Participant: 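Before anything else, here's the structure in question.
It should be emphasised that the depicted structure is a prediction, and the values quoted were computed from it without experimental measurement. For ligands, and for the atoms within them, numbers begin at 1 and follow the listed sequence.
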Amino acid sequence: MTFVDSAFPLDGGCDCRQVRYRMTTPPLFVHCCHCRWCQRETGASFALNAMIESDRVTLTGGEPEIVDTPSASGLGQKIARCPRCRLAVWSHYAGAGPLLKFVRVGTLDEPDHLPPDIHIFTASKQPWVVIPAGARAVPEYYRSEEVWSAASLERRRAVAPRLEAWRAARRAAEGGAAG
Ligand SMILES: [Zn+2]
Ligand SMILES: [Zn+2]
């Protein structure tokens, strides 16, 4: 892991400064995602997302609004946006729901602290984007057990019971809705 722990906490927020947040510790892992969905959602060539336990990101300004948005998995994502300027500050995906945030690194005041740990979905990377020699890169996705640091894997194990409880509640809700 290349994070400089002394850089934390890191503050960030939207353009109009109504939504402000503080990332209190280094993230679990940083994805540079080259999938077509991220390209469309950023209007650019890739997304840079810092994955972190939600309770390690605290609000220091107004609360973002959660917008239900389609996702590649078909299960949807929830994008947290400023209610005023509509800028997106983070996403929640179906896999971990509210327990993990995928913070948009570019919304940090000092985004330079969080370079990617891995480039994913490079199969659909725009051809002019050149991945630095030696950078970790995969055509699609990867197994976290093989690339995350021991510390990040340990942190994820700590979230696992709450994650299981959330998934069980979601299954129950879906069962209820279907029945
Ligand atoms: Zn705003
Ligand atoms: Zn993506």
Participant: Let me confirm one number: the OG-CZ distance from S91 to R104, rounded to the nearest 0.5 Å.
Facilitator: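 Going from the OG atom of S91 to the CZ atom of R104 covers 4.0 Å.
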Participant: Short check: any N/O/S atom of C33 below 2.8 Å from the Zn ion (ligand 2)?
Facilitator: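 It does; at least one qualifying atom falls short of 2.8 Å.
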Participant: Testing the basics here: between V103 and W90, what is the closest heavy-atom pair and its distance to 0.1 Å?
Facilitator: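 Nearest pair, atom of V103 first, then W90: CA-CB, 3.7 Å.
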Participant: Take atom CD of E63 as the centre, draw a 6.0 Å sphere, and report whether it contains more than 12 heavy atoms from other residues, nucleotides or ligands.
Facilitator: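 Open: at most 12 neighbouring heavy atoms sit under 6.0 Å from CD of E63.
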Participant: May I have the angle between C14 SG and C85 SG with its vertex at the Zn ion (ligand 1), rounded to 10°?
Facilitator: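 C14 SG and C85 SG form an angle of 110° at the Zn ion (ligand 1).
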Participant: Hey, are E145 and R156 close enough for a salt bridge, meaning a charged N less than 4.0 Å from a carboxylate O?
Facilitator: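 Salt bridge present between E145 and R156.
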Participant: Examine all N, O or S atoms of C38, backbone included, and report whether one is under 2.8 Å from the Zn ion (ligand 2).
Facilitator: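 Yes, C38 qualifies, because one of its backbone or side-chain N, O or S atoms lies under 2.8 Å.
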Participant: To check your reading of the site, what angle at the Zn ion (ligand 1) do SG of C16 and SG of C82 form, to 10°?
Facilitator: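 About 100°, to the nearest ten degrees.
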